[in-house]
Every structure is written in structure tokens, then in C-alpha cells.
Enquirer: 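Got a structure for you, questions after.
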Amino acid sequence: MTILDGKKVSSDIKDEIAIEVKKMKERGEKVPHLAAIIVGNDGASMTYVNSKVKACERVGFESTMVRMSSNSSEIELLDKIEELNQNEAIDGFIIQLPLPPQINTQRVLMAVDPDKDVDGFHPTNFGKMSLDMTSFIPATPYGILELLERYDIPTKGKHTVVIGRSHIVGRPMSILMGRVGFPGNSTVTLTHRYTKNITQITSQADIIIIAVGTPNFLKAEMVKDDAVIIDVGITRVPDDNASKGYVITGDVDFENVKKKVSYITPVPGGVGPMTIAMLLKNTLLARERHRMRNPLN
């Protein structure tokens, strides 16, 4: 059994990006600039955004954090998005989710310029991804592809089962694993809460990608020997014996499943670190596109 070490791979990717940024500086080019909008004071969201800012510092990107109060209106947020859309200095930006209840998330994501949508959530980018066209791939699925590629895990002709159909992970993964190329060319089954006999399906899978947010959902008896397991779930589970009062748990019963499989991602330290690394990679791609269109910018 091999642990898919997202922490190490993400560190390698950041080092590679830092080298590219250094070359850009030596050529006198503008370095990538990533902005993040955060609405409210949600602790987890603040932690995520701060980690993205630190990652930008590490690789040499410029970064901007736009903070808005939790009672901001949808119009105010849309105005801020349009301001970033028009700002030539910013190559890409993200809107940290979740948003307060008074704001329509879909309307907000639609307002982002697809050329600056480094989260890959805009329908234009999702559509291009579905058609195998160059686009911004959502960062978490992009990170999973990168793990499969860097560990040289065969996907051609394999049966991949995706558990969960969210627009952020499950649905794009089902498309990407069936695309032409590597990683891809697998036969994909997309499962969800209404799927019947799910154990019968997962026990036939060569690769399982799970993102349902239910701790320890995938049990050892649901997995065949030597399968590849990608666990996207991350949940704080109360634990009086833990120093913080909780433990971080994935969607996979890790201790029991790892005894049967060939590859598995840990939680934490697997898919999570890859998400930020691939967000940086998308921002680097955005900068390159903008430079190609306007060499003077």
C-alpha cells in the first residue's frame, strides 16, 4: 500500500511555480496576482483564505484579500466582482464559499469573468472542460488528476466509481476521468445518495473517488483488493480524547480500508493540500493567457 502524499506533491508543485515566477521576474514580466473575496467572519473560511495568501507569498505571487461584512448586500458584492473583473492588475480571483444567506451564490459565480475564474466554477469553464477544451479545471479535481499522474497510477480502461455528484468535485471528476488522455480513459460510474446497492458497485471499482462529507462512509467490505482510493472528505468529528476536542476525519474508514488497497490518500494531508497548489497553477495559467493577449500588460 502506498500513501498518496498530497502534502509533499503540493510542496513540489509550489517549488516548480516559484521557479517559473523567478524566471518571469528575470525577464521583467509582471508576476501573477491572485485576489480573494471573503464575505463575513467565518473561521474556517478565514483560515482557507489566509493559507492561500501564504501560498502566494511562498511562490512569489502578488495577492489581495478583499474583506466584506457579513451583512453586505448581493449588489455590493456584484459591484466588487465587477471591479476585480475590470482591474487589469489582477489575473485571477476567487470568492470564498459559503456566502451569507442573503446572497445568491449562483448569480455571484456567474458574474466572475471566465478569464479570471481560477476556481473553475463558471459555466463557460465547466463547459470547456466537458468538451476537452483548454479551461480552468476546478482546483480539487485538478489536484486529484495531478496526484494520479505524479504517482503514475494507470487509469486507462479502469473502472472508476465517483461517490458524490457536487458541482465542485463529483460531477467534474466523473467527466475528467472519462476524458481522452491521462489521467482518463476510464469507465466511470457516478453514484449518489439515491444509488441502490452501492456496495455492489464500489466492490467492482479499480479507482474510487469519494466526496460526500460523511465520516468513515466507505468501509473495507465496500472495496476490492488493490483498489485506488481518493478521499476528498474532511469533517471535524468531536473527540474528548483529542487536544482540540475533535479529530479530522475523511469519508473513508482509513485504518481498515488501507489494509486492502494499493494506493490511498490520507486525511488530512492528501487531497486538501493539492487544492491550493492547483489554484496557484490556474493563476499562473491566467497570467500567461493575459500576457499572450496583451504583451504590454
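Because only heavy atoms are used, hydrogens play no part in the values below, and waters and symmetry mates are left out as well, while side chains stay in. All figures in this text were calculated on a predicted structure; none of them were measured in a lab. Residue numbers run from 1 in the order of the sequence given.
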Enquirer: Assess whether a salt bridge exists between Arg291 and Glu288, defined as any Lys/Arg side-chain N lying under 4.0 Å from an Asp/Glu carboxylate O.
Expert: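 So Arg291 pairs with Glu288 through a salt bridge.
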Enquirer: How far apart are the C-alpha atoms of Asn125 and Phe136, what are their side-chain angles, what is the distance that settles it, and do they pass the side chain to side chain contact (heavy atoms under 4.5 Å, CB included) test?
Expert: CA-CA 6 Å; Asn125 284 318; Phe136 295 120; 3.7 Å; yes
Enquirer: Sequence neighbours excluded, which residues qualify as side-chain contact (heavy atoms from CB on, under 4.5 Å) partners of Glu221?
Expert: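 Once residues adjacent in sequence are excluded, the partners of Glu221 under the side-chain contact (heavy atoms from CB on, under 4.5 Å) criterion are Lys219.
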Enquirer: Going by the rule side-chain contact (heavy atoms from CB on, under 4.5 Å), which residues pair with Pro100 if we only count those two or more places apart in sequence or in a different chain?
Expert: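 Partners of Pro100 under the side-chain contact (heavy atoms from CB on, under 4.5 Å) test: Val39, Gln102, Ile103.
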Enquirer: Pairing donors with acceptors under 3.5 angstrom, does anything connect the side chains of Gln200 and Gln204?
Expert: no
Enquirer: Check the pair Lys52 / Ile94 against side chain to side chain contact (heavy atoms under 4.5 Å, CB included), numbers first and verdict last.
Expert: CA-CA 10 Å; Lys52 289 164 187 173; Ile94 63 167; 3.4 Å; yes
Enquirer: Side-chain donor-acceptor pair under 3.5 Å between His33 and Thr64, yes or no?
Expert: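 Side chains of His33 and Thr64: pair found under 3.5 Å.
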Enquirer: Between Lys30 and Asp91, is there a side-chain N and carboxylate O pair less than 4.0 Å apart?
Expert: yes
Enquirer: With a distance cut-off below 6.0 Å to the six-membered ring centre and an angular limit of 45° from the axis, does Arg287 pair with Phe61 as a cation-pi contact?
Expert: no
Enquirer: Which residues pass the side-chain contact (heavy atoms from CB on, under 4.5 Å) test with Tyr151, not counting sequence neighbours?
Expert: Thr2, Leu4, Asp5, Val9, Leu147, Ile153, Tyr263
Enquirer: Assess, by modelled atom type and distance only, whether the side chains of His159 and Thr189 contain a donor and an acceptor separated by less than 3.5 Å.
Expert: yes
Enquirer: Quiz question: by atom type and distance under 3.5 Å, do the side chains of Thr202 and Thr199 form a donor-acceptor pair?
Expert: no
Enquirer: If only atom types and distance count, is the side chain of Asp79 paired as donor or acceptor with the main-chain N or O of Glu74 below 3.5 Å?
Expert: no
Enquirer: Tell me whether Lys7 contacts the main-chain N or O of Gly270 through its side chain, where contact means a donor paired with an acceptor under 3.5 Å.
Expert: no
Enquirer: Under the criterion salt bridge (charged side-chain N to carboxylate O under 4.0 Å, His left out), which of Glu82, Glu83, Glu76 is the partner of Lys80?
Expert: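 Single salt bridge (charged side-chain N to carboxylate O under 4.0 Å, His left out) partner of Lys80 among Glu82, Glu83, Glu76: Glu83.
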Enquirer: Quick one about Thr140 and Thr275 (side-chain donor to acceptor, distance below 3.5 Å, no hydrogens or angles considered), yes or no?
Expert: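 Short answer, yes.
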Enquirer: Strictly below 4.0 Å, N to O, side chains only: are Arg293 and Asp115 in salt-bridge contact?
Expert: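 So Arg293 pairs with Asp115 through a salt bridge.
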Enquirer: Do the charged groups of Lys281 and Glu146 touch, with an N to O distance under 4.0 Å?
Expert: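 Looking at Lys281 and Glu146, the cut-off is met.
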Enquirer: Could you tell me whether a side-chain N or O of Ser10 sits under 3.5 Å from a main-chain N or O of Gly6, the two making a donor and an acceptor?
Expert: yes
Enquirer: Is Ile248 reachable from Val257 through a run of hydrophobic residues whose side-chain heavy atoms are each under 4.5 Å from the next?
Expert: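 The answer is no; the residues belong to distinct hydrophobic clusters.
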Enquirer: Using only heavy-atom distances, determine whether the side chains of Arg179 and Ser186 contain a donor-acceptor pair under 3.5 Å.
Expert: no
